[in-house]
Amino acid sequence: MMLKLNAKPRIAFGKKIKALRDEGQVPAVVYGDKKETISICLDLIEFKKVLAQAGESTIVSLELAGKGQDVLIHEVQVDPISGVPVHVDFYIVSQDKELEVAVPLVFEGVSPAVKDLGGSLVKVLHELEIRALPKNLPHDIKVDISSLVALDSQILIKDLKLPTGVESVLDVEEVVAAITEAGEEVVEETAPVDLSAIEVEKKGKQEEEGAEEEPASSDEK
């Protein structure tokens with residue numbers, strides 16, 4: 001069942017944005033699929049609940065003016081101190097067009113190489129950039145580490161069981177996880193993939209954001 005998120009048109013811009021946030025609302029914009037950028041606001045508590053379930057790779061039905069619009073939570077700006085969302089970008093999806101998104105990897109099971117041989121598990125990737133139609137986008141991708149039985153064992157992207165209709169954007173020979181001997185110095189790849197695939201309507205979105213920000217302090221976005 002698709003997650004739903006209620007929204008309403010936003011009339012607060014510039015200096016009035018702070019008052020909106022003080023009322024427990026989050027300013028947001030909706031753009032994409034060659035549609036006009038729309039300024040909206042959301043209930044903060046409701047949005048945080050949906051974000052926790054959907055992340056940025058699950059389609060959400062954005063309910064606005066009695067109509068639902070299929071969207072992805074494309075970008076969430078948070079307060080650097082409190083971590084509270086302060087602005088959200090939603091990207092409108094078309095059900096017949098493939099998307100490229102980064103999906104979290106969830107590591108499951110027990111590695112015999114770690115349990116019995118004292119090896120160390122190195123997670124090289126923490127999310128996987130995939131390509132799929134909106135209806136096929138998974139919330140996450142499971143990685144079974146029970147296949148790591150030796151100190152030189154590896155799991156490659158081609159070893160993952162991707163859902164039907166989902167393919168990796170990255171080379172299938174890339175390493176997802178590996179075993180190293182205890183004490184061996186290893187540098188994990190912790191930085192997530194920087195998505196730049198969804199750039200449609202970016203110009204319109206930036207123009208909208210510029211319109212909402214009058215010359216003001218940084219907390220008045």
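We count residues from 1, following the sequence as given. Only a predicted model underlies this, so the values are computations on that prediction, with no experimental measurement involved.
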Problem - Passing option when F90 is tested against I38, V29, D70, L5 for side-chain contact (heavy atoms from CB on, under 4.5 Å) - result: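 One option only clears the test, and that one is L5.
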Are [X] and [Y] connected in the hydrophobic side-chain network, where two residues link if heavy atoms are under 4.5 Å apart?
X: L51; Y: V84; result: yes
X: V169; Y: V93; result: no
X: Y91; Y: M2; result: yes
X: V106; Y: L156; result: no
X: V88; Y: V78; result: yes

Of the non-hydrogen atoms in [X] and [Y], which two are nearest, and what is the gap between them?
X: A7; Y: L62; answer: CB-CD1, 3.9 Å
X: D33; Y: S94; answer: OD1-CB, 3.7 Å
X: P112; Y: V110; answer: CD-O, 3.3 Å
X: C41; Y: P9; answer: SG-O, 4.1 Å
X: A28; Y: L42; answer: CB-CD1, 4.2 Å
X: A178; Y: Q154; answer: CB-CG, 3.9 Å

Problem - L148 backbone acceptor or donor facing S111 side chain under 3.5 Å - result: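 Indeed, once roles are kept as given, a pair shorter than 3.5 Å links the two residues.
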Handout entry: Side chain R10, main chain P27, donor-acceptor under 3.5 Å
Key =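 No; judged by distance alone, with no hydrogens or angles, the pair does not exist.
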Exercise for the section: Please test L121 against K123 for side-chain contact (heavy atoms from CB on, under 4.5 Å), starting from the C-alpha separation and ending with a verdict. Expected result: CA-CA 6 Å; L121 173 65; K123 299 173 183 178; 4.0 Å; yes
So, taking the atom named [atom1] in [X] and the one named [atom2] in [Y], what distance separates them when rounded to the nearest 0.5 Å?
X: I40; Y: K8; atom1: CD1; atom2: NZ; answer: 11.5 Å
X: L105; Y: E127; atom1: CG; atom2: CD; answer: 7.5 Å
X: I157; Y: L170; atom1: CD1; atom2: CG; answer: 4.5 Å
X: E129; Y: R131; atom1: CD; atom2: CZ; answer: 8.5 Å

Handout entry: Ring geometry between Y31 and H74 (parallel below 30°, tilted from 30 to 60°, perpendicular above 60°)
Key =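 If you compare the ring of H74 with that of Y31, the planes turn out perpendicular.
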Find out whether [X] and [Y] are in side-chain contact, i.e. whether some heavy atom of one side chain is under 4.5 Å from a heavy atom of the other.
X: R21; Y: V86; result: yes
X: L128; Y: S168; result: yes
X: F107; Y: V176; result: yes
X: I155; Y: L160; result: yes
X: L72; Y: I59; result: yes
X: E98; Y: L133; result: yes
X: V101; Y: I130; result: yes

Practice task
Please lay out, stage by stage, how I92 and Q69 fare under the test side-chain contact (heavy atoms from CB on, under 4.5 Å).
Solution key: CA-CA 7 Å; I92 300 172; Q69 179 71 65; 3.1 Å; yes
Problem - Any pair counted as salt bridge (charged side-chain N to carboxylate O under 4.0 Å, His left out), so long as it reaches residues 43-61, sequence neighbours left out - result: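 Salt bridge (charged side-chain N to carboxylate O under 4.0 Å, His left out) check on residues 43-61 returns no pairs.
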Exercise for the section: Could you note down all residue pairs passing salt bridge (charged side-chain N to carboxylate O under 4.0 Å, His left out) where residues 136-165 supplies at least one of them, sequence neighbours left out? Expected result: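 Non-adjacent pairs meeting salt bridge (charged side-chain N to carboxylate O under 4.0 Å, His left out): D140-K142, K158-E173.
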Handout entry: From CA spacing to verdict: side-chain contact (heavy atoms from CB on, under 4.5 Å), I145, V114
Key = CA-CA 10 Å; I145 63 172; V114 173; over 6 Å; no
Practice task
I would like to know whether S57 and L137 meet side-chain contact (heavy atoms from CB on, under 4.5 Å); could you show each step before the answer?
Solution key: CA-CA 7 Å; S57 62; L137 289 176; 5.7 Å; no
